[in-house]
Amino acid sequence: MASGSRLSDVIVKLPDRSTCRVERRLIAKRNQDPSSVPKYVCTLPTGELVTWLGGGKYRLPCGSVAVAVAHKPPER
């Protein structure tokens, strides 16, 4: 069984110096294996999938690679 929760909003800077918000969620699988690796699912506010490349880098749906410049807790 899996559950997801909004972990944070990540502000990323694109190559053209504009910024956008990426919603990052942790998908936690409830099982007995304590060594399981957590999985992050990232999307734009519109729901489009964003690929986390690691090291603070994200690939947006348009193919651009953006770099994280700030994190903030999700708005409620």
Please report, to 0.1 Å, the donor-acceptor pairs under 3.5 Å made by any side chain of residues 56-71, with sequence neighbours excluded.
none

Decide yes or no for E23 and C42: does some side-chain heavy atom of the first lie under 4.5 Å from some side-chain heavy atom of the second? no

Distance-minimising heavy-atom pair for V50 and T43: CG2-C, 3.9 Å

side-chain hydrogen bond (donor to acceptor under 3.5 Å, both in side chains): pairs with one or both residues in residues 44-56, sequence neighbours excluded: T46-E48

Please tell me whether V12 and Y40 are part of a single hydrophobic cluster in this structure, the criterion being side-chain heavy atoms less than 4.5 Å apart. yes

If we only count heavy atoms from C-beta on, is the I11 to V22 side-chain gap below 4.5 Å? no

